[in-house]
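To start, the structure under review is shown below, and the notes come after it.
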2 protein chains.
Amino acid sequence: MSRLPFSAEAVERAHRIAALEPPAEVDPRVEALVTQLIGRVADKWTMLILEELTEAGELRFTRLSARVPGISQKMLTQTLRQMERDGLVLRTVHAVVPPCVDYRLTDLGSSLSAAFCGVWIWADQHLDRVEAARQAFDARSGR
Amino acid sequence: MSRLPFSAEAVERAHRIAALEPPAEVDPRVEALVTQLIGRVADKWTMLILEELTEAGELRFTRLSARVPGISQKMLTQTLRQMERDGLVLRTVHAVVPPCVDYRLTDLGSSLSAAFCGVWIWADQHLDRVEAARQAFDARSGR
DNA sequence: CAGCATCCATTCAGATACTG
DNA sequence: CAGTATCTGAATGGATGCTG
């Protein structure tokens, strides 16, 4: 198994949710809010930034942009603003010239990162099966 | 706490990942693939369909569209095709007129649904804090 | 350095019409 | 019933230039 951005212990613990039973019903209103939150939170850049900040602890704007492969300055700013608004990151501006701004995760942000651990594990473990399924599908429809 | 689309037992087990330690490094190539997969899998409609199929077990096209609030016929078809390609759903066509097509989750699909359990729990638990953070942020920037 | 403002190409997704 | 095909407005996101 390849390496994930989580400790071995956290991974092991998260493994235990792998076997799931039939679900109960959900309150539609809660569901709507939850879905919106997940949608926001599960977008491409938010997850990558979450990762980098989890890994590095605290980063400046430029360092962060260097660590997130392929992100534009616009998207980095935009995503960080959203995350700050949602209470996931803390933005600290140091009053110096040239300006220096640090970003780090709040407790809320860290806990979200932890919650995603299970999904990372799933993706990591089932990458091959998904890849195989895609090839099989493409072979079928190619004919 | 409000109700989630998972059994109490699964929820309880998933709770144990809530406390997370500092992470390790990731292989960039694996990370890219994992990220892509998560991005695809975490999109709005995929998640909602995953839920409905988890809940209902097996559904026909029309019933599914009725259960997923606000989805267009186009998006339903498109998302189901993607999920089928990724090996998450099984599509069964019955050769009758009028046509009848059943969709249900594969094992892979079910396990993904399970992997998301942790995220649902997080969203459910922290909804209030996110909401509060947003209001605080908006109040600050409104000035 | 950290970012905002603007422009522009691409993509996305809804509405509509049609079909085996 | 379960789609496919097409059109179109909306949203996304990159590139570029400018600023405290």
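Reminder, nothing fancy here: chain letters follow the sequence lines and each chain counts from 1.
No more than 12 heavy atoms of other residues, nucleotides or ligands lie within 6.0 Å of CZ in B/Arg63, so this atom counts as exposed by the packing criterion.
Set against C/dG3, D/dC1, D/dG3, the side chain of B/Pro98 has D/dC1 as its closest nucleotide. Side-chain proximity of A/Ser72 to the nucleotides D/dG3, D/dG14, D/dT16 is greatest for D/dG14. For A/Met75, counting side-chain heavy atoms from C-beta on, the closest listed nucleotide (C/dA13, D/dG14, D/dA2) is D/dG14.
Between the CD atom of A/Gln73 and the C1' atom of D/dG14 there is a distance of 11 Å, rounded to whole Å. Spacing between atom CD of A/Glu84 and atom P of C/dA2 amounts to 15 Å, rounded to whole angstrom units. Regarding B/Asp102, its CG atom lies at a distance of 8 Å from the P atom of D/dA2, rounded to whole Å. At whole-Å resolution of the value, CG in B/Leu76 and C1' in D/dA2 are 10 Å apart. In this structure, CD1 of A/Ile71 is placed 14 Å from P of C/dA2, rounded to the nearest angstrom. Taking atom CG of residue B/Leu48 and atom P of nucleotide C/dA13, one finds them 13 Å apart after rounding to whole Å. Taking atom CZ of A/Arg63 as the reference point, atom C1' of C/dG3 lies 19 Å away to the nearest angstrom. D/dA11 atom P lies 18 Å from atom CG of B/Asp43, rounded to whole Å.
Within the nucleic acid shown, A/Arg81 comes within 4.0 Å of sugar-phosphate atoms alone, with no base atom in reach, counting heavy atoms only. The residue B/Arg91 sits close only to the backbone: its heavy atoms come under 4.0 Å of sugar-phosphate atoms, none of a base.
The closest side-chain donor-acceptor pair between A/Thr79 and A/Thr46, if any, does not fall under 3.5 angstrom.
Considering only side-chain N and O atoms, B/Thr62 lies under 4.0 angstrom from the phosphate OP1 or OP2 of D/dA2. Using a 4.0 Å cut-off, some side-chain N or O of A/Arg60 falls inside it from OP1 or OP2 of C/dA2. An OP1 or OP2 oxygen of C/dG3 is reached within less than 4.0 angstrom by a side-chain nitrogen or oxygen of A/Tyr103.
Note on ring orientation: taking the six-membered ring where Trp is involved, the planes of B/Tyr103 and B/Phe61 are tilted (angle from 30° to 60°).
Nearest-nucleotide assignment on DNA chain D puts the 5′-proximal partner with B/Leu80, out of A/Pro99 and B/Leu80. Toward the 5′ end of DNA chain C lies the nearest nucleotide of A/Lys74, the other residue of the pair A/Lys74 and B/Gly70 mapping further downstream.
Using a 4.5 Å heavy-atom cutoff, the side chains of A/Leu50 and A/Met83 are in contact.
Not one N or O on the side chain of B/Thr106 forms a donor-acceptor pair closer than 3.5 Å with the backbone of B/Leu90.
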